[in-house]
Each structure stands twice: as structure tokens, then as C-alpha cells.
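All remarks here apply to the structure that follows.
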2 protein chains.
Amino acid sequence: MTEEASTKDRLVQAATRLFRQRGYDGTGLSEILAEAGVPKGSLYHHFPEGKADLACAAADWTAGEIVRVIDDSFHAAPDWRHGVTTFCYKMAKLFDILNSADACPIFGLMFDGPDQARFRIHAEAAFTRIIAGASHYAQTLGMPPDTAHDMAETFIIGFQGGWTLARVRRNSDVLRSLPTRLYGPASA
Amino acid sequence: MTEEASTKDRLVQAATRLFRQRGYDGTGLSEILAEAGVPKGSLYHHFPEGKADLACAAADWTAGEIVRVIDDSFHAAPDWRHGVTTFCYKMAKLFDILNSADACPIFGLMFDGPDQARFRIHAEAAFTRIIAGASHYAQTLGMPPDTAHDMAETFIIGFQGGWTLARVRRNSDVLRSLPTRLYGPASA
DNA sequence: AGAAGACTAGACTGATCGGTCTAGTGATGA
DNA sequence: TCATCACTAGACCGATCAGTCTAGTCTTCT
């Protein structure tokens, strides 16, 4: 259970962390290698296209994490607003753990890079996945499909903007204020 | 009137465009120099700290542009929602002009770079300036100061998230949908 | 005319970039 | 025992990076 993470996993995790902090172009391959404790040869064995492959893997991994947080937040939620609130608080906590702002949790990381088309397509798929996840719960909680999709999209838009502002301020309060901003003061 | 832009201005404009497209770390000094048609010596004459100075100048310039669009949008607006709608449509148009998505209009550009603290402070000031601009009009249009500030902040959060999604989709429709998302269907 | 300072010009530097390549090492199966 | 193959290891490559430095060209003031 506590076995060593595989070389490949260590690479993806180091890359995710560093890309989040310094961006794609701002992170050197050598930094990733050093942080993962892996030589260059291994990187190109597991990711033949090198840095770009690694970035895509990091993005996929991150999208999966976000979807997982959505699941956790909405699984037992009595209504949409409760789910959103739980999600925002969870992410605010994560924001604070990732020492308050070097990080861009979803996909700031996906816009850089020489291979822009490939990255953009990957990022789009990731957003779609996340919005679909949220939309699913909106339907489960009683909304018709169209409304649900819209609701999920607006939620993710607000969250994305909120994270940006939180980051620039190094302060997660904005995230916690999102439910009120989107849906007005709590009624209970 | 149609006189040549000064060397300094050409540098800032070229830098703004390139940073927007490829990010801070993704843009080489040589590209900026080539696009501006300026030799290296001139850059370091006008911006002694080089690339970092240039990035700050580019951010200031961009913030000024955004504030100007806010002024244009709200100056003659009969109410808050009209102002927001005009702003979103203007920015959607801008988005389409900047060939649909390489661009990050406000400050995605401010998170990279070795000199993170300096950049972040600059970005924070720019956001503050923009929110203050919007807040001013919210008050002019009859809201009490606290409400106005909140309204402006929520508006900018939504816009920021909306631009991100528009970018990843290469489609400005999200921006035009923002007023409805934030304030419900148009009442008139 | 001549000195001074603002500005242009680009060759040059050392560091670092992403990526390639050859040489191993260690486990598996015949 | 030996061949195979997945994987590790890191020296090495040309390109490009941001930044420095010296030289030269204007403009302006005296």
C-alpha cells in the first residue's frame, strides 16, 4: 500500500506541481526530473514526445482530481446550492494548502507551449468533462437537462474567475463568497 | 497625428501582444525586438530591468485599456445591467478580432516569470483599478458603496471566468451570455 | 563649433533549454 | 545459460535564452 510510486507517476506528479506553479514554459525539464528523481532517459521512455506528453498527462490527472472533488461535494448534497458551497469550500481549503497562490488548479497551464493546438484541445476536453460532471448532479437534483447544463457552466465560469482573483490576492475568501455571489444570500 | 509611434511605445505594444499570445516565459526577447523593430540596446535603455520591466509596462497598458472600455460601456448606460451587457459585447468583439483565443486580455500574463512577487503585486493593483472603475459606475447608477463594490467584483469574476472558457473554446459566445447568467433573462 | 547626453545598434557571453543517443542494468521466459 | 526487452542512466548536442558591453549616431544646448 505504501509502496513507492512508479517512475511514471512521480513524473506526472512533479510535472503537475511545477507546471501549476511556474507554467509550462517557465518549468525546465531538468527541474521536473530533479524533483521526481528520475533521469532523462526514463522520461523519454514513458513519454516519447517529452514535455508536451507530460503536460497532457498532468492536465488529465488534474481534471480527474477536480471531477473527484465534484463527486465528493455533490454526492450527498440535498440541493444544488449545498453542493456548490461544499465544492467552493473544499477548493478554498486546497487553495490554502497549495501555499496560497502559486497555483492555478485547473488549466491555466494548458495555454502555453509551442504546441498550442494540441494543448487547447486537451484543455477543452477537460473543461467539458468537468462541466458534464457538475451537470450530472444538477439533473440528479431535479433540473431539466438544459437548465442543468447552463447551471453547471455558470458555476464553473464563476469558479474559474474566482480562483483567478483569489490567486492574485493570495486569499481564498473570494472562493468562499462564490455561492452568495451566484445565488444570493443563504436562505436558511 | 499619424506620426511614428515612439520606440518605447512600439516595444510595449509588441510585448503586450506577444505576452498575451504566448505568455511571459513563452516569449523570447528576440521575438519582441524583431516585432517592434528595435535593437537590444534600446530596450535596455528604456527598460533597465529588461523583460520584467517590459511585462509590468504591458500590464499597466492593458489595465488602462480595460478601464477605458469600462468607461465607454458605462458612460451612457441607463442602468448597471446595460453597462455590463455593453462591456461584454465589446469584449466579445475584441476577442473575435484577436483571432479567437490566443489571447488572454487581462492578466493571465502576470503569473509567470521568475520575479513572481513583483508581478503578482502589479497584477493585484491592476485588478483593483479595474474593479474600482466598475464600482464607480455602480455607485453612479444608484447603488450604495458596499453593494456597488460587491457588484463590480462579481462582474469581474464572471468576466474573467467567461474569458477563460471562451478562450478554451475559441468562441466568444460565452462572453455574450454573461449578463443573462449573472442577472437572469433580460426583462425588457 | 564643440561638448554632452539621449538613444540606437548589434556582437558577444555564459547559462540553460528540450531533445537525442549510447550504454548499461535487471527481470522474465526459453 | 543466454536472449530479450522494459527501463534506467546521464553525457552530449545545437539552439536559444536574458542580459552586458562597446561603439556609434543623432539632437540639443552653449
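To find a chain, count down the sequence lines: A is the first, B the second, and so on, and within it residues start at 1.
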So which protein nitrogen or oxygen atoms get under 3.5 Å of nucleotides 21-24 of chain C's nitrogens or oxygens?
none

Ring pair (Phe, Tyr, Trp, His ring centres under 6.0 Å) pairs, two or more places apart, involving residues 30-50 of chain B: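 Listed by first then second residue: nothing to list.
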Distance below 4.0 Å between H45(A) side-chain N/O and dC5(D) OP1 or OP2: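 No, because none of the side-chain N or O atoms of H45(A) sits under 4.0 Å from OP1 or OP2 of dC5(D).
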Distance below 4.0 Å between S30(B) side-chain N/O and dT16(D) OP1 or OP2: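 Answer is no, no contact under 4.0 Å.
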Check ion pair E153(A)-R181(B) (N to O, under 4.0 angstrom):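 Answer for the salt bridge query: yes.
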D96(B) bridged to K93(B) by N-O distance under 4.0 Å: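 Between K93(B) and D96(B) there is no salt bridge, as every charged N stays at least 4.0 Å from the carboxylate O atoms.
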What's the [atom1]-[atom2] distance between [X] and [N], to the nearest Å?
X: R22(A); N: dT16(C); atom1: CZ; atom2: C1'; value: 14 Å
X: R10(A); N: dA9(D); atom1: CZ; atom2: C1'; value: 13 Å
X: L29(B); N: dA18(D); atom1: CG; atom2: P; value: 5 Å
X: I32(B); N: dA18(D); atom1: CD1; atom2: P; value: 7 Å
X: E31(B); N: dC17(C); atom1: CD; atom2: C1'; value: 14 Å
X: F47(A); N: dT8(D); atom1: CZ; atom2: C1'; value: 15 Å
X: L43(A); N: dT20(C); atom1: CG; atom2: C1'; value: 12 Å
X: D25(A); N: dG18(C); atom1: CG; atom2: C1'; value: 11 Å

CA sep, side-chain torsions, deciding dist, call: W80(B), F74(B), ring-ring contact (aromatic ring centres under 6.0 Å, His included): CA-CA 8 Å; W80(B) 174 253; F74(B) 284 89; 5.0 Å; yes
Atom pair CG (D71(B)) and OH (Y137(B)), whose distance is rounded to the nearest 0.5 Å: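 Going from the CG atom of D71(B) to the OH atom of Y137(B) covers 3.5 Å.
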Only pairs under 3.5 Å count here: list side-chain donor-acceptor contacts from residues 27-37 of chain B, not counting sequence neighbours, and write none if there are none.
from   : atom 1 : to     : atom 2 : distance (Å)
T27(B) : OG1    : L18(B) : O      : 3.3
T27(B) : OG1    : G23(B) : O      : 2.7
E31(B) : OE1    : G28(B) : N      : 2.9
E31(B) : OE2    : R22(B) : NE     : 2.9
E31(B) : OE2    : R22(B) : NH2    : 2.9
E35(B) : OE2    : R17(B) : NE     : 2.5
E35(B) : OE2    : R17(B) : NH2    : 2.5

